[in-house]
Amino acid sequence: MASNLNNSQQKGSDVFYDVCCSVCEEDGIHNEGLFHCKICFKTYCDECVKMHKKLHKDHAVSAKCDGESWYVANKVDDTIELCEEHTTEKLTMFCEDHEQLLCQLCLLLKHRQCSKVFTLAEQAKSNPQRIPLVQVTKGIEKSQKRLKDMVDRGKDNIKSLKASYEQICEEILDERRQINENLDRLQQNTIRELQSIHERLNNSIEDDTKRCLECISKLKIYGAKLKDNILPERTFITLRKCIDQTAAADSLLKSMIKNDGTDIKFQPNRELIQCHADCTDLGKIIIGEPQHNVDPNKIVSIEDKSEYNVRTATYTYTCSITGICTTSNGDIIIADWYNNCVKLLNQAYKVIDQVQLPTYPWSMCSISSDEIAVTVRRHEADALNGIHLLRVDGGKIIRKQVLQMNHACFGIAHVDAEVFVTSGTALYEYTMNGRLVKKLYEDSTGKARVVGVGMSPDGKMIYVTDLNNGMLRTLTRDGTVTATFQDPAFKPGNVTANIHVAATGQVFVFGHNSISQVDTVGKTILNTISVDIAKPASVYFNEETRKLIVGFWGHDNINEFKTKTVPTF
């Protein structure tokens with residue numbers, strides 16, 4: 001694996017060389033060309049030039065260190081007077097209107113209407129006053145330095161890329177090892193259970209067999225005694241014992257008939273098999289800026305707005321968009337509260353699929369690049385309350401699993417392998433199979449004191465909103481409150497999970513007619529975004545596309561804002 005990686009690094013390194021070795025390039029390897037043969041018209045690296053000198057001792061070879069006699073410098077000299085667009089034509093004129101050198105073809109094809117075209121001789125006479133050579137020289141030096149810095153950064157990036165590649169390979173192997181260990185554990189547990197059941201049933205059969213043999217022996221003895229000429233009293237005793245032993249034998253036989261032919265079977269765990277069958281990989285490979293380099297407190301400001309209607313003819317009710325997520329290919333998933341459904345939109349915001357839910361969807365979060373979780377709720381305690389896990393595949397929404405909850409479900413957030421759900425009065429932590437880990441936080445003084453929930457990308461901070469008091473609370477992972485921030489802008493017009501934490505860490509809390517960007521500590525409003533439609537019900541921000549998407553209560557349109565981000569000082 002390492003050798004293959006090294007080769008790929010060599011093959012990809014040509015972008016940093018003025019000239020590559022001609023011989024190595026034929027083998028698909030990009031090494032720097034440091035020598036040039038004027039007879040062969042080829043360049044050679046340190047190693048290849050040695051063989052060339054042995055085979056062609058009389059050939060003239062120039063080296064890169066020779067300066068002006070070097071092949072590249074002479075090559076530039078040969079072409080400096082030629083037009084870059086029409087490579088066989090000499091430059092003869094200059095167009096001041098376009099600040100461009102021209103050949104005869106350039107003049108005829110593109111610059112015939114220009115008013116300020118001069119010959120190079122005329123232009124050269126006035127040049128010392130118009131373009132100071134010192135200024136140009138400084139500009140060249142500055143550009144060379146910036147380009148050299150970029151080359152150095154490129155080399156560092158290749159080293160970093162190689163290191164991250166090798167690290168991810170190790171992480172993939174570790175992931176596989178963990179899966180193997182878990183499968184080994186499951187196998188051992190199943191075999192242990194099999195051994196226990198086998199031993200119990202085997203012992204039962206052996207015990208029954210032993211009792212049968214004992215019964216046979218007694219019946220044989222008693223039967224023989226009856227044939228003997230013995231006293232009447234002794235005969236009566238033997239007779240009674242025969243009757244009792246025969247009854248015991250019948251009882252034993254009846255109990256054994258129930259268990260006769262007892263066998264054991266194996267029923268595979270279909271959920272486990274299906275889980276593996278549904279997976280397409282061990283994890284996602286993500287290209288992008290490292291998370292630790294992203295400033296989550298960069299201010300998001302609005303530049304432009306577009307509106308899109310997301311109502312479909314199949315529904316009679318006006319939309320209320322209470323959840324927004326995106327998929328790996330850029331499609332958009334929205335939860336429509338009034339119509340009890342989840343819709344899949346393409347990048348043009350056209351509905352391409354939809355699934356019906358049993359009751360109202362209140363919030364939505366991404367579980368992976370193509371999986372989402374939606375909370376549903378009707379009453380405080382209802383059998384329909386829970387989390388619906390959905391997957392997007394091939395332009396379709398696929399129902400995956402339903403996790404039933406014994407409490408109301410409003411907000412939802414996901415990090416690592418766990419989900420965090422609010423009930424209006426408490427924040428709960430669950431595993432992905434619906435097992436309660438613990439109750440992290442509770443405020444039962446009102447029915448909407450713990451509604452919205454968001455997680456920081458690193459999973460260290462939890463944000464919850466109190467709708468009754470227009471409040472944002474910041475908690476650590478163990479449920480400790482580290483900050484409490486109250487603002488009238490945090491009071492929404494409806495009961496809604498009024499918070500969104502972007503994948504890059506920006507925190508957005510929305511109220512009746514505005515969206516507030518709050519710092520990650522949870523103590524300061526960094527920016528306020530006004531919306532011209534009342535009652536925003538969901539927000540989604542993607543820094544990669546620089547789009548802020550907003551859904552509203554009782555409105556068929558969703559807004560897409562183009563944004564720019566600026567650092568805070």
Side-chain angles (χ1 to χ4, degrees), residues 300 302 304-312 315 317-327 330-357 359-366 372-377 388 390 392 397 409-413 451-454 465 467 489-503 506-517 529-542 545-563:
V300 178
I302 300 301
D304 194 13
K305 184 191 81 170
S306 302
E307 278 195 18
Y308 300 93
N309 189 299
V310 294
R311 186 169 177 176
T312 55
Y315 293 116
Y317 294 111
T318 304
C319 299
S320 281
I321 310 305
T322 53
I324 304 173
C325 289
T326 60
T327 66
D331 288 342
I332 301 149
I333 313 163
I334 60 173
D336 186 344
W337 190 88
Y338 271 136
N339 292 297
N340 293 353
C341 70
V342 171
K343 301 175 182 177
L344 178 63
L345 317 178
N346 61 20
Q347 294 183 45
Y349 291 89
K350 299 297 182 184
V351 179
I352 57 177
D353 194 31
Q354 55 193 24
V355 295
Q356 200 68 26
L357 297 174
T359 187
Y360 306 116
W362 287 89
S363 184
M364 176 190 291
C365 74
S366 294
I372 58 165
V374 185
T375 55
V376 299
R377 168 192 176 267
H388 285 245
L390 307 174
V392 176
I397 303 175
C409 298
F410 287 103
I412 186 168
V451 179
V453 59
T465 56
L467 306 190
F490 297 165
K491 275 197 171 186
N494 289 61
V495 175
T496 185
N498 63 327
I499 187 169
H500 169 66
V501 181
Q506 286 91 345
V507 181
F508 299 92
V509 182
F510 40 100
H512 183 71
N513 54 11
S514 66
I515 301 166
S516 302
Q517 183 184 349
I529 300 168
S530 297
V531 290
D532 52 9
I533 301 175
K535 300 179 182 178
S538 55
V539 168
Y540 183 85
F541 176 66
N542 186 334
T545 61
R546 295 188 177 181
K547 291 179 180 178
L548 181 76
I549 307 172
V550 184
F552 301 90
W553 278 103
H555 209 285
D556 292 332
N557 289 351
I558 61 176
N559 285 355
E560 177 196 87
F561 296 96
K562 291 182 180 178
T563 70

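Scanning all heavy atoms of the two residues, the minimum distance from V310 to Y349 falls at CG1-O, 4.4 Å. Contact between A497 and F510 at its shortest, heavy atoms only, is O-CZ, 3.7 Å. Considering all non-hydrogen atoms of both residues, Q356 and C341 come closest at OE1-CB, 4.0 Å. Closest approach of I397 to V342, counting heavy atoms only: CD1-O, 3.6 Å. Heavy-atom minimum distance, G454 versus I499: N-CG2, 4.0 Å. Closest approach of I412 and A373 over heavy atoms only: CD1-CB, 3.7 Å.
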Original post:
Going through the distances and angles, do F541 and T563 end up as a side-chain contact (heavy atoms from CB on, under 4.5 Å)?
Top reply: CA-CA 9 Å; F541 176 66; T563 70; 3.6 Å; yes
Subject >> V451 vs W362, side-chain contact (heavy atoms from CB on, under 4.5 Å): CA-CA, chis, key distance, verdict >> reply: CA-CA 10 Å; V451 179; W362 287 89; over 6 Å; no
Original post:
Going through the distances and angles, do E307 and K305 end up as a salt bridge (charged side-chain N to carboxylate O under 4.0 Å, His left out)?
Top reply: CA-CA 7 Å; E307 278 195 18; K305 184 191 81 170; 3.5 Å; yes
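Paired with D331 under the rule side-chain contact (heavy atoms from CB on, under 4.5 Å), one option of L344, D353, L345 passes, and it is L344.
The closest donor-acceptor contact from the side chain of N559 to the backbone of V550 lies at 3.5 Å or more, if one exists at all. For the pair Q517 (side chain) and V300 (backbone), a donor-acceptor distance under 3.5 Å is present. Without hydrogens or angle criteria, S538 side chain to I324 main chain gives no donor-acceptor distance under 3.5 Å. Checking side-chain atoms of W553 against main-chain N and O of N494 turns up no donor-acceptor pair under 3.5 Å. Between the N309 side chain and the N557 main chain, no donor and acceptor come within less than 3.5 Å of each other.
Note that CE of M364 and OG1 of T322 are 7.0 Å apart. Values are rounded to the nearest 0.5 Å. From H388, atom NE2 reaches atom CG of L357 across 6.0 Å, with rounding to the nearest 0.5 Å. Taken from CD1 in I334 to SG in C325, the straight-line distance is 11.0 Å, to the nearest 0.5 Å. Rounding to the nearest 0.5 angstrom, the gap separating the CZ atom in F552 from the CD1 atom in I558 is 9.5 Å. K562 contributes atom NZ, which lies 12.5 Å from atom CD1 of I302 (distance to the nearest 0.5 angstrom). Annotation: the span from K491 atom NZ to N498 atom CG amounts to 12.0 Å, rounded to 0.5 Å.
In this pair, W337 and Y360 present their aromatic rings parallel. The plane angle is below 30°, not in the 30 to 60° band.
Two residues are said to be in side-chain contact when any heavy atoms from C-beta on lie closer than 4.5 Å; F410 and V495 meet this criterion.
Inspection of the T318 and Y338 side chains reveals no N or O donor paired with an N or O acceptor under 3.5 Å.
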